Each structure stands twice: as C-alpha cells, then as structure tokens.
Number of protein chains: 4
Amino acid sequence: MPNDRSPDPARRSERAHTAILAATRELIMTMGYDAMTIEAIASAAGVGKQTIYRWWPSKAAVVLDMWVPDVEQQLAFPDTGDVAADFTTQIRAMMELSQDPLFGPSLRALIAEAQHDQALAQKLLDRIFAPRAEQGKERLRAAQQARQVRGDVDLDVAMDLLYGGFYRRFLLRIAPVTADYPKAVVDAALAGLMRRRTRR
Amino acid sequence: MPNDRSPDPARRSERAHTAILAATRELIMTMGYDAMTIEAIASAAGVGKQTIYRWWPSKAAVVLDMWVPDVEQQLAFPDTGDVAADFTTQIRAMMELSQDPLFGPSLRALIAEAQHDQALAQKLLDRIFAPRAEQGKERLRAAQQARQVRGDVDLDVAMDLLYGGFYRRFLLRIAPVTADYPKAVVDAALAGLMRRRTRR
Amino acid sequence: MPNDRSPDPARRSERAHTAILAATRELIMTMGYDAMTIEAIASAAGVGKQTIYRWWPSKAAVVLDMWVPDVEQQLAFPDTGDVAADFTTQIRAMMELSQDPLFGPSLRALIAEAQHDQALAQKLLDRIFAPRAEQGKERLRAAQQARQVRGDVDLDVAMDLLYGGFYRRFLLRIAPVTADYPKAVVDAALAGLMRRRTRR
Amino acid sequence: MPNDRSPDPARRSERAHTAILAATRELIMTMGYDAMTIEAIASAAGVGKQTIYRWWPSKAAVVLDMWVPDVEQQLAFPDTGDVAADFTTQIRAMMELSQDPLFGPSLRALIAEAQHDQALAQKLLDRIFAPRAEQGKERLRAAQQARQVRGDVDLDVAMDLLYGGFYRRFLLRIAPVTADYPKAVVDAALAGLMRRRTRR
DNA sequence: ATTTAACCGAGACGGTACGTCTAGTCTTGAT
DNA sequence: ATCAAGACTAGACGTACCGTCTCGGTTAAAT
C-alpha cells in the first residue's frame, strides 16, 4: 500500500515527473510491462523510489498516466454522417492501438491488473473506457435522430454489440482481430443476425 | 517455468492430487485467489510444494483443473428450437457463474493471468472458451438450417455479438451484468441496430 | 557531512535553538535515543530539518549540547582533604548519572556512536571525559604534594585504575555498578592488590 | 526484527554458513564494519538475504560468530607463576587484538551496537568478556593461595583495576594503549596508589 | 523606509538499506 | 522413485531516514 499522507502537488518536481513517464515508456518497449519494476523505473529515471510511490499508487497507474494523452488522441471519434463507417473507423483505431508494441501489451496488462485492483479499474474506466463508450453512444444518438438507428435500442447494449467483440478477441484470444473485422462486426451489429421475411 | 523432467503420471499420488484440488477450492473461498499462494495450498493440503510444481506449471493451472468439471456441467448448451431463448439461457448461465463467489473472482483472475501467460491462455481457450463458442456456433448453424438465422453471417462475428458484451461488462466493469441483460443483448443482436424501412 | 557554508551565529534564532534542545530532551525520555530521528526532533520542535543540520552535524551533537551543562554541574569535583572520600564521591556521582533515565541511556548511545564518528568522539572527550580526568589528576597531584599518594605514579594510569572499572561495568555490563562499588574500587586502587610482607 | 519461527538447525546448509562467515571476514577488511551491509554480505557470499536473517538476528551477530574462535585462541591465559607477568601478557594480547585491523574496529563496533541491543550485549558478555574475566579471576585465586595477592580483595573489583583501564582507553580514546601500558597498569594495580609509611 | 540577505518552516528530492515476501529449485529422510 | 518438509537463491516490495535542495515568508541589518 502506498503513500502516507497526501503530498503537495504544487511542489511537485516537473523534472522528476516527466523523467518517470519517459523512463516508463522506454522500459515498456525495452523489457515489457511485466518485467518492468518500480525499482527499474526509478533507476532509469534517476529518481528515488519514494518519489514514484509519493505520486502513484502502483506501476499500472504510472503507465496509465504516461498513456492517456496518446490514447485519447488516437481514438478521436469521427462523425461523417455514415454510422457504419464511423464505428468501423473507431474499431479499426482500437485494433491498431492494440497492435502497437507500446500500447497493446500494456493495455492487456492494465486490464489484467485492474481485475484485482479496484482503484485501477475505476481509473481505467474513467479515463479510457467510459469516455470512449460515451462518444459511441453520442454518435448513436445522433444516428437515432437521423432515423438511421432504431429509437428503441438500449445504447449500452448497442455498445456491447459493437465493442464487446473486440475485447473478447483481444483478451480471450479466441480469434485474431483482423483488418476486415471492424467492418464485419459493425455490419452484423447493424443488420442483426435474424433472417428477415422476404418482402412481397 | 517449473518442473524438472516429465514425471511418471502412473505413480502419481491420488491422495495428494485430490487434497491439492480440495485445498485450492477451500482457500479461494477463504482468502481469495490473489492472496492464495502455492505455499499456502501446499501447506493446507499437507503436501510438499514440489508436488504441486511437479504436476502444474502455476497456481492458475491448479485452479483451472479444480474448476473445469463444474463449469462444463453448469454451461451445458440447450436446444429448445427457440434460438433467442437458448442463447439467453446460456448467457444467463454465464452471468450466474460470474456471480458465484468461487467462480467469478477466479475467472477474472485467470483471464488476468492469461494476459501474461501464453500457456495458460491456451489452456483456458481450449478448455473453457473454445468449447463454449463451438457449442454456440453449432446452435447457430442449426438455426441457419431452420432458416431462422441468416445464412451469410460469419459465425465467429455472431459469437462476438452475442458473447462479447458479457466479457466487456465483466472485465471492464463498464456496466453490471443484470438479470435482464441476457435477453436484451440477444434480442438486439438478432434484430440488429438499424432502422428498417417500413414495409408498405 | 552536513552544512553548506558556515552560517552566521549572530542571526541564529534563539526560539528554534531552545525548541530543538527541549524537543530532544523530551523525545529521549519518550521514545529513547535510538528511536529518535532528526526528522522527529524537527517535527516535535516545529522546526525545519535544515535548521538542525545547519547548526549540528548529527543527532548526537544535539544531545551532547542539550546535556553538557547538567553533566558538568552534577560532576563537580570535591576536595575535602580525604582523597579516598573525594574519589568515592566522584565515582558515586558518575554512577548516579548513569542511572538517570535521561543521561544513562544516552551516555551509552553517545559513546556507542563515537565509535564510528571521530568528530563526536573528540567532542565527547573534550567536553565530558577529558575535563573529568583533568580534575581527577589535579586532585591526585594535590594528594601527592600532601604525601598521601606516591610521587612516582603515572596519573593517567591512576585514572585508569580509579575510573576504568566504571566504564567497564557500564559499557560491557559485566557487573552492575552498585552503591558500594565506588568505595570498594577506590580503596582497592589506593591499597593495591599485592600482599605486603608483614612488618617484623 | 528478524526471524518468524525457529528453523531446523539440522537442515542448515553448511556451504551457505561458511560462505557467509568468509564473506563477512572479507568485507570487514575491505570496506569496514560500518559500511558493510547485510545485503553486501549476502551478495558477496552468493546467498539469499533471507538465509542470513534466518540464522542471525543482526549483522553484529554474524561478525561475532565469525570472530569468537580466533579471539578465544588469541586470548589464552598463561600461568607462569608470576602474576604480574601473566596479567601483563594478557593485557598485551588484548592490546594487540585491539590493533588488528580485523578485530579492533569491529570490536569497537560490536560494543557500540551492544549498547542498544540487549541480546547482542548478552552474547558478547557470554562469549567474549565473561570467559576472559573468569580466567583472570581464576588466576588471581591461584595467586591468593600462593600468598602473592591479598586474600581480602574482591576479585571483580580486581578485574576492574586490571582491565578497566584498557576499555576506558580503547572506547573513550582518552589515551592510546601503548606498548608499555600493560606493564604499567598491572604494576600500579598490584602496588596501589597510596604512599606507604617508610619501614624503620 | 526600503532594500536585501540570511534564517526560518515545510517538505519534496535522490539515495541506500532495511526486513519481508513470494517464486521456483534443491536437499534430506521417510515410505 | 515419490512424497512431506522446508532450506535454499533470487530479487522486488514498500518503508524509513538520511542529508540536500527548493520554496515562500519573516526578520534584522544596511542602505
């Protein structure tokens, strides 16, 4: 368990802060998330361990901080008027992120760690997953108003249909996320699985 | 990685084997998966650590072995002729499993551990996830032949639609898996999100 | 080694100075010399750590400063004309000091620390031990002139005989310094151990 | 604070044990007692830190164990029939020990550490100081029976006279222990400080 | 009266070692 | 040969202090 009492953020050393984030980025690429220890970060950043423990509760929290700006920028949500295309684009961006040697493995590791770290789970949710879901739902609402999407669908369930498969494949490794996957899943989610009666 | 050389399974002590699995079950309930160490299992089972390392590569593998029979039995796939009802039943079973104090937390932990343990990932896939997916796809194939489900859907994508949401909610904790969720997601997946042109 | 450059004693804060000494006295009684850290003194005195480091090189030096006036006053050397009685008095005073809950434990601690801190050793010597020895030797010189003590004895060796036992018992804990010890050791030192030939 | 529960000495690794003592001896010479850490000993001995903590409560205890055989052998007490000569020899041996670069500094350090470590103090007493004192007193008893030493002297006080000065000089550094010191102090202790009335 | 230089309280910083913990391997004696 | 037991090497953990270093705020002398 970290931290004694809350330190004063006003007196935080900018140099140490950025050195830690830079070293973290470096070490994830070099040795991988799992092999990277807090001691290694401290040593690589030229920083005392306490300085890390003072500001972050865990290795995962450091990685998350190092991460979030890039991820946010890379997952900007488009609105071209074509719902299918927009979600395909978004899922493709998620796929690309998951294949980046910096982000992919450590996203996996962060989600893994969040399974036994409530605080981290909350942070991941607030900073990564929830904003993405919110954007997606917003896009669907627009599509509902444009009468492209049914008005009675539960938007959370819709997000499950559109995004759930990505996480299932990414985390369970039950199938690879291939280049044509984004379009396939979006089309299927929009069209549904059921056979329609032929129109007479 | 453990194990000396492959031991002789014929000489394996049945007493030790069952004691280990029983102690594992006990300790997961008592102290939780994460706090449970291999040393604790050995001690609780009255067994040498080496005996565990001899037959399993990791704590997770022990848990998986202890688990699989129960899970298989609890996730039997029904075929009542009603596709929607069958998948709803199946997802509801997954939900219940995930809320069981023995299975839920350790399923999470196992998936977490599989993120940095290829061998475990493979084992989980082969013994838990893939069989479930295969049953689901089989059921869909039957539904296709009954002309209930479209013949052109990619069955893997269909599984993503139906099951992906569960994992997304379970692992990302982005929303709880409530009692009415299984039906909602199945209905949405079957119907699709898109608005249909009114039939004239 | 502390201190930047020598600070200006004229501008020293009297308030901080006395607060530090008072807190030190307090904390030694409360938590004992060893558990007391410079951080604790600073905090208890409501003073910055730097203010301590500015004026003292070590925790031991602070304690010594807090100490010396009391010790000096308590170890005043008497001259009643009776050498034996005077040294007995002096050693008894040392004994009492060593049993005082403030001085005893921290005298031990200071001597201990002086074993690996040359500067402290010198300071202890100059301010505590050497003055005491000088007084003792002075008293012996007077006794020599009064033809009570042999003129050929090495006064430093004499001090070893008279005082050495006290430190041996105090530091090695080889035997307690009891109430009758001072007289016993003084008598023995004066008389010597050797058997005299009976005068004819 | 060390050790959980007492380990089984029968299963102790002889290799690790001797490697630790050898590394300790080596490091004291190399870097000095104070700079030597338990981590350094472990690393130099090719041993886990836990193995040291399992068998010894502190660095000092390791040094003591490494030490005692040599010290015992070097401080064998002679009996030549000449009390003065015998004690002179013994004190000279103590002096030489105290000037040995292996033993001197670490004897100082051990005594220092014993000031705040009761268990160590007891161990030092039992294994180093008390046996020496016992030998000295035994020698004095023999001298008493040979009617060389007065029958009424308290032998503990006699030991203070003979040995106390050594520790006073060694620990307080109030004066060096020179080559002629042993004889001087023994002579003075035997003869006493008091002036005798001239025999008529 | 204002400037200016020091000390002051506070506490973040780079370090180092601590003693604990767990992993996975190795050793021993009993079955 | 397998087993229970547990000592072993290895090394990260999070903590505690060390002594140094800002940072504003407050004196007190020098202007």
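Chain letters run A, B, ... following the sequence lines, proteins first, then strands; residues in each count from 1. Every value quoted in this text rests on a predicted model; they were computed, and no experiment measured them.
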Separation of C:Q50 atom CD from E:dG9 atom C1', in whole Å? 11 Å
Can you check the C:Y53 OH to E:dC13 C1' distance for me, whole Å? 14 Å
Does F:dC3 have OP1 or OP2 sitting under 4.0 Å from an N or O in the side chain of B:W55? yes
CG of C:L171 to CG of D:L171, rounded to nearest 0.5 Å, is 6.0 Å
In whole angstrom, what separates D:I41's CD1 from F:dA10's C1'? 17 Å
Mapping B:K59 and A:G46 to their closest nucleotides on DNA chain E, which lands nearer the 5' end? A:G46
Can you tell me how far the CG atom of C:L27 sits from the CE atom of C:M29, to the nearest 0.5 Å? 11.5 Å
Does the side chain of B:R54 get closer than 4.0 angstrom to OP1 or OP2 of F:dT2 through an N or O atom? no
Value in whole Å for how far the P atom of F:dA16 lies from CE of C:M31: 12 Å
note: B:I38, atom CD1; E:dC21, atom C1'; distance rounded to Å ~ 15 Å
Check: D:E39 main-chain N/O paired with D:S43 side-chain donor or acceptor under 3.5 Å: no
Comparing nearest nucleotides in DNA chain E, the 5'-proximal residue of the pair A:R12, C:E14 is C:E14
Looking only at side chains, do C:Q115 and D:Y33 share a donor and an acceptor under 3.5 Å apart? no
Side chain of B:R15: nearest nucleotide among E:dG19, F:dC3, E:dA12? F:dC3
Indicate yes or no: at least one non-hydrogen side-chain atom of D:V62 is less than 4.5 angstrom from one of D:I38. no
Do C:K49 and E:dG11 share a donor-acceptor pair, side chain to base, under 3.5 Å? no
Is the shortest distance from a Lys or Arg side-chain nitrogen in A:R108 or A:D34 to a carboxylate oxygen in the other one below 4.0 Å? no
With respect to the phosphate group of E:dA12, does any side-chain polar atom (N or O) of A:T51 fall under 4.0 Å of OP1 or OP2? no
Where the side chain of A:P7 is defined as all heavy atoms beyond and including C-beta, which of E:dA12, F:dC21, F:dA16 is the nearest nucleotide? E:dA12
Would you mind reading off the distance between D:D8 atom CG and F:dC8 atom P, rounded to a whole angstrom? 10 Å
Strictly distance-based, threshold 3.5 Å: is any side-chain N or O of B:S106 a donor or acceptor partner for the main-chain N or O of B:A109? no
With respect to the side chain of C:R11, which nucleotide from F:dT27, F:dA7, E:dG24 is positioned closest? F:dT27
On DNA chain F, more 5' by nearest nucleotide between D:A16 and C:A40 is D:A16
Determine to 10° how strongly the helix from E:dA1-F:dT31 to E:dT31-F:dA1 is bent, judged from the axes of its five-pair ends. 10°
Treating A:K59 as the side-chain partner and A:I41 as the backbone partner, does any N or O pair qualify as donor plus acceptor under 3.5 Å? no
D:V47 or C:M36, whichever maps to the more 5' nucleotide of DNA chain F: D:V47
Distance, rounded to the nearest Å, where A:I20 contributes CD1 and E:dG14 contributes C1': 11 Å
How long is the line joining CG of B:D34 and P of E:dC21, in whole Å? 17 Å
